[in-house]
Structure formats: structure tokens, C-alpha cells
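Let me begin by presenting the structure, written as C-alpha cells, before commenting on it.
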Amino acid sequence: MGSACLILFALSCLIVGSAARPFYPPPSEVAEGERRPLQTSRPYNIAHRGSNGELPEETAAAYMRAIKEGADFIETDILSSKDGVLICFHDVTLDNTTDVAQHKEFANRNRTYVVQGNNTTGFFTVDFTLKELKSLRVRQRYPFRDQQYNGKFQIITFEEYITIALDATRVVGIYPEIKYPVFINERVKWQNGKKFEDVFVETLKKYGYKGSYLSDEWKKQPAFIQSFAPTSLVYASNLTDLPKIFLIDDITVPTEDTNQSYWEITSDGYFDFIKNYVVGIGPGKDTVVPVVNNYLQPRTDLIARAHAHDLEVHPYTYRNENRYLHLNFNQDPYEEYEFWIHKMGVDGLFTDFTGSLHNYQEWTSPLSSKDSNETSLLHKIAVMVSSYERV
């Protein structure tokens, strides 16, 4: 009896000692109706277009792979078909990431439109119905990435993307972008005078997405709305209290709807204005820390100033390939994560390689090795206790 009490005492001490970090059971052991919650105690792992370093971007497979690899949020770009169905697709044209050029039946769909002030030629999503878009197959954007999955996956709709997140065995957030809203509103017309932004938010509401940042409602179904267009974010703020992220392009690129410069939209005065509508910014990482000849230059004060205005900072895009890893990081993505998380203090990272960021955060957690030992010890204690229960 004395040995059994000692074992139970050790077990209780271990559980108390582990209280700083919740001990979550595997998904298969979670009670029906319960899912492991979103972690909010460290920077978010945002799967940029899914795990697109491994699979063609914005496909169901890329999103499911990202969830399996530990993504906190799956990110997507929302455009529209000709018949007004919202789809997950990055480019306003289909040329770079689908096999549209191989479809002779669509040869006469090639067009030239003005997009963000530039003449752009190609096969535009807005000239194809959803049924026609579904007949296409997606391919890997970058030739130096795995090409074996080209032609295997369809374009998916906004609603299909949402379903992937909701079907996960744990809470996985969504991070959709209102993409090219000026162009989409010019080319696609919805009934009753609705705009792209109206249909976008209606879709989120249809699936139960609501609540201000970190509220109980939000934590149940987390979502960030993102856009490079400040007027779209302001408009959406009148439709939903979901948190919004203002994306910031390269220093040479003005905003698509207000034609403001990078310097204007990153000024303290503008941060005072935009924080009434957004909870954070999403800048390109090379605008935060400039790069010359593949070496980092002195960092800007953008993150510090954003934080001073109570804005989160979610930079983009982190990629594992050597061509994207600045020489300061010795071509090691984990060194890059270390720099941005612990030295720059970002609040989230858009990555093409969800698994590597997840591994980094698990390996560098102060409790990661301890957790592993504690899990093993818990198992041993359970086995020892069970032997006394049988006596």
C-alpha cells in the first residue's frame, strides 16, 4: 500500500508541475464534440497557400498537409469566377498555376485587362464559370519544387476551403485574403448591388465565423481577414467584427485602391488611423529588414512602431530553399525562424513550409524536451499503478 501511495503522490506532483502547459490528449482520444484549442501563446504558424512548398498551392491537398504538419492557420487568396462563386486562387490569371493553355476549348478566352494600373494579358478567372474552372488542373508554381503532383488537383471554392478547416480534428484557423477587390468589383456583378466584400463576409457568417480577436467566439472558429486594399478592410469592418490584417507590399508598390505609398501607410499617423479597423499588419519581410546582395541590412523600426500602436505583425513569406534564405542564416531555415521570432519579435509568420516552422517551435519550446520526458514518465507510472489495481 505504501508503494502505491508513493506512486500516486509522484503522479500528482508531475501533473501539478506540468500545469504551465496543458497536456492535450491525442485527437483520437478527445471526447466527441471537443477539439484541441488553437495555441495563442506563441507566434502563429500560418500556412501560406497551404503547404505549398510540397504540394501545388491553394489545393485541398496542400491545406490538409499543412494541418497535418501543425499549421495554426491555413491562408488563402479569394477571387471570383464569372458566375460569382468565390474561389481559392492567388493570381488574377490562370496561366502560371493551371493547365488552362492545354485546353483548346478555352483558346479564345485570352484577354488583356488593366489590373492595378498595368495591362495584364492572360486567361482571367472572371472569364470562366465555376464549372469551367473545375475542369482545369493545378500545377506547382515554381519549377524547382516537386512537380509530381501537377495535374492531380482541382481549384477549390472558398466554401470547400472553410470545410477543410472545420473538419480538422483540432481547432485550425482560416486566413482568407480579399484579393484584387477593385478588379473583381469591376468585372463581376452580384445580385442586389452586392460587392465582392459583401459576398466574402456573408460566406464567413454562413459558416459561423464571428467574434473580435481572442474573444471566446473567435477562439472557437479563429479567422483573420486580410487585404492589401485598405478601403476593403474598412468596408468589411462595417460587416463583421472578425480581426483584420492590413497587408503591406514592397516599398515600390502603392496600394491598389488608394494609391498611397509604402511610406505613407507605414507612418505613425496612418497606423493611428488604420488601427481602428485592423488588429495588425502583414509586411513583406524584406521591407522590415532590407537586403542587399543577399545580406541583411540594419533593421527598420517597423515592428517596434507597429507594436507601439498595439498592432500585431505577421510578415511574409518564409521559404526553405537556399535561394530565399539570406546568407546571414547559413542557408538554414531554423536560423531564420530564430531571428524573426526571438530577435524581431513577430506575432505570426507566413510560411510555405508549415512542417519546418512547427518543428522549430516544438524543438525550441522551453518545455518541449521536458514534455517528452514527462509523457514517458506518465506512461510508466500508469503501468505501475495499473498493476496495483489488479491486485
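Reckoned from all heavy atoms, side chains included, excluding hydrogens, waters and symmetry mates.
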message: Check the orientation of W190 and F196. Use parallel for under 30°, tilted for 30 to 60°, and perpendicular for over 60°.
response: parallel
message: Test: side-chain hydrogen bond (donor to acceptor under 3.5 Å, both in side chains). Region: residues 273-282. Which pairs qualify, not counting sequence neighbours?
response: none
message: Does D216 have more than 12 heavy atoms from other residues, nucleotides or ligands lying within 6.0 Å of its CG?
response: no
message: Can you tell whether the side chains of D99 and R139 come within less than 4.0 Å, N to carboxylate O?
response: no
query: Which of parallel (below 30°), tilted (30 to 60°) and perpendicular (above 60°) describes F329 and H326?
result: tilted
query: Taking atom CG of D332 and atom OG of S356, what is their separation to the nearest 0.5 Å?
result: 10.0 Å
message: Parallel, tilted or perpendicular: which one describes the rings of F224 and W218, with boundaries at 30° and 60°?
response: perpendicular
- prompt: Are any of the side-chain nitrogens in R42 or E362 under 4.0 Å away from the carboxylate oxygens of its partner?
  reply: yes
- prompt: Quick one: ring pair (Phe, Tyr, Trp, His ring centres under 6.0 Å) partners of F158, sequence neighbours excluded?
  reply: F200
- prompt: How would you list all residue pairs meeting salt bridge (Lys or Arg N to Asp or Glu O under 4.0 Å) that involve residues 147-162, not counting sequence neighbours?
  reply: K134-E160, E159-K206
statement: Hits for side-chain hydrogen bond (donor to acceptor under 3.5 Å, both in side chains) against E186, two or more places apart or cross-chain, chain-then-number order -> none
field: Centroid-centroid under 6.0 Å between Y318 and H48 rings
entry: no
message: Between Y63 and T76, do the side chains contain a donor N or O and an acceptor N or O under 3.5 Å apart?
response: yes
message: Can you tell me how the ring of F183 sits relative to the ring of Y113, calling it parallel under 30°, perpendicular over 60° and tilted otherwise?
response: tilted
- prompt: Have Y262 and T255 got a donor and an acceptor in their side chains that come within less than 3.5 Å?
  reply: no
statement: Sorted by chain and number, sequence neighbours left out, side-chain hydrogen bond (donor to acceptor under 3.5 Å, both in side chains) with D146 holds for Q148
message: List the residues meeting ring pair (Phe, Tyr, Trp, His ring centres under 6.0 Å) with H307, not counting sequence neighbours, and say none if there are none.
response: none
query: Centres of the F106 and F123 rings: under 6.0 Å?
result: no
